Amino acid sequence: MCQQHQDQAQDGRSHYRDPFPWHLGAFDAHCHPTDTMASIASLATLNARVLAIMATRSQDQHLIAKVATEHGISDSDSPLNYQGGSASVDPASAAPVGKKACKVVPAFGWHPWFSYQLYDDTASNPTYKAPNPENSDTSAAEDAKIAHYKVVLSPTPKEPSFLSSLPPPTPLSSFIASTREYLLAFPHALVGEIGLDKGFRLPQQWLPDDASCRDEGLTPGGREGRLLSRYRVQMQHQQAVLQAQLRLAGETGRAVSVHGVQAHGVLYDTMAACWKGHERKILSRREKKRIAPGAEESSSSDDDDDSGTNELETGAAAKSKKKKPALGKPFPPRICLHSYSGSADTLKQWFHPAVPSKIFASFSTAVNLGTDGGRAKLEGVVRAVPDDRILVESDLHMAGDEAEAVLEDMYRLVCEIKGWDLEQGVGTIGKNFQEFVYG
Ligand SMILES: [Zn+2]
């Protein structure tokens with residue numbers, strides 16, 4: 001499938017004979033450069049125009065904010081208009097001219113891999129019961145922590161050393177409150193990375209000798225090569241963490257970047273539950289005919305809809321409303337299924353016209369070409385994504401040449417599958433990125 005015109009260089013990286021049109025604006029829809037903070041310096045020289053950088057856990061939310069403060073795309077620049085990355089090319093030397101730095105769009109969120117570190121303090125019977133602060137007995141806090149992990153992890157962990165290595169859980173409500181602050185501080189920030197993962201197992205605890213030789217260049221909290229334990233996070237708990245973030249994204253009118261692994265059915269059901277009662281109305285042929293010529297036929301069952309349109313609104317009226325952000329909904333206005341690994345068939349329910357969120361799917365070399373199964377289904381899945389809803393990402397834990405090379409690989413592959421030449425594909429995917437971030 002899709003043999004590119006490429007030579008495999010000795011350094012293992014792909015080199016293509018035809019140049020990649022970076023100057024048209026290439027975008028990474030999902031990546032984690034704050035996992036390797038030293039790599040942020042490479043933004044000055046990257047060819048990509050804008051990276052959507054994802055938070056995942058307690059240790060990286062403030063790093064995303066810091067990088068966005070220094071490298072965030074300004075409110076006056078839209079991703080498509082910003083001339084960063086390889087802005088223009090000198091035809092004689094093919095060197096970038098007047099190159100501006102690559103910018104970022106920040107995303108704040110809590111990844112399902114770390115969901116066990118939160119407890120739902122809004123539940124009627126929270127899994128963690130904070131001990132009375134007047135109780136000076138430290139073992140009470142430890143007991144409360146262990147009780148939480150025994151409920152949210154499966155199978156129930158029994159090893160005292162594993163349980164005591166886990167951090168005291170954070171209240172979900174305080175995480176949501178601090179994320180709301182970040183979203184208000186960064187008006188175009190997304191919510192991500194959020195989602196569900198049935199395959200994930202917690203890493204084993206650090207052994208005393210390991211901790212001293214860990215790579216200091218990596219942001220703490222990740223797996224860092226540790227072996228995996230037997231423990232998974234209960235799906236119900238992951239769902240509670242996801243639902244709270246979906247509500248926040250709906251309330252603030254932000255797009256979300258969603259992770260779904262071995263959980264495609266339950267992920268769809270969880271998302272669909274948040275837009276229940278807000279589905280778009282599907283017009284029958286007869287109803288469509290009844291609408292006056294020129295009238296807008298898009299519709300929503302929302303009476304108080306402030307972003308969609310009513311059935312009989314004229315095109316002009318609908319357009320004048322279109323750019324208002326959809327605030328105060330219980331579901332996000334735009335959803336990107338990042339490194340989508342489900343089947344083409346499962347994708348159909350997401351793109352059903354009744355779904356009131358705008359759905360995008362993005363693809364990465366790291367995940368979608370990482371296994372034989374992934375490679376086998378990629379072509380069919382890419383074909384099944386509408387042309388105006390496809391995105392490309394690296395999903396790598398650092399910015400730099402490697403991330404850029406894998407981003408280019410996936411851009412080329414998507415273009416080949418879609419039958420687009422590179423200029424057309426880069427232009428289309430750029431517009432899609434703009435639509436995903438800004439609506
Ligand atoms: Zn990711």
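Being a predicted model, the structure only gives us computed values, none of them experimental. In each ligand, atom 1 is the first atom listed, and ligand 1 is the first ligand listed.
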task = May I have all residue pairs that pass side chain to side chain donor-acceptor pair (under 3.5 Å) and include part of residues 381-393, sequence neighbours excluded?
result = H338-E393, S339-E393, S362-E393, E379-R383, D387-K418

R180/E251 salt bridge by N-O under 4.0 Å criterion = yes

remark   = For the Zn ion (ligand 1), the nearest N/O/S atom on H32 is atom NE2

query = Can you give the angle H30 NE2 - the Zn ion (ligand 1) - E193 OE1, rounded to 10°?
reply = 80°

key: Sequence-distant partners of K150, salt bridge (charged side-chain N to carboxylate O under 4.0 Å, His left out), two or more places apart   = none

query = Of all the N, O or S atoms in D395, which one sits nearest to the Zn ion (ligand 1)?
reply = OD1

inquiry  = Does the plane of the ring in H111 sit parallel, tilted or perpendicular to the ring in F114? Use 30° and 60° as the thresholds.
reply    = perpendicular

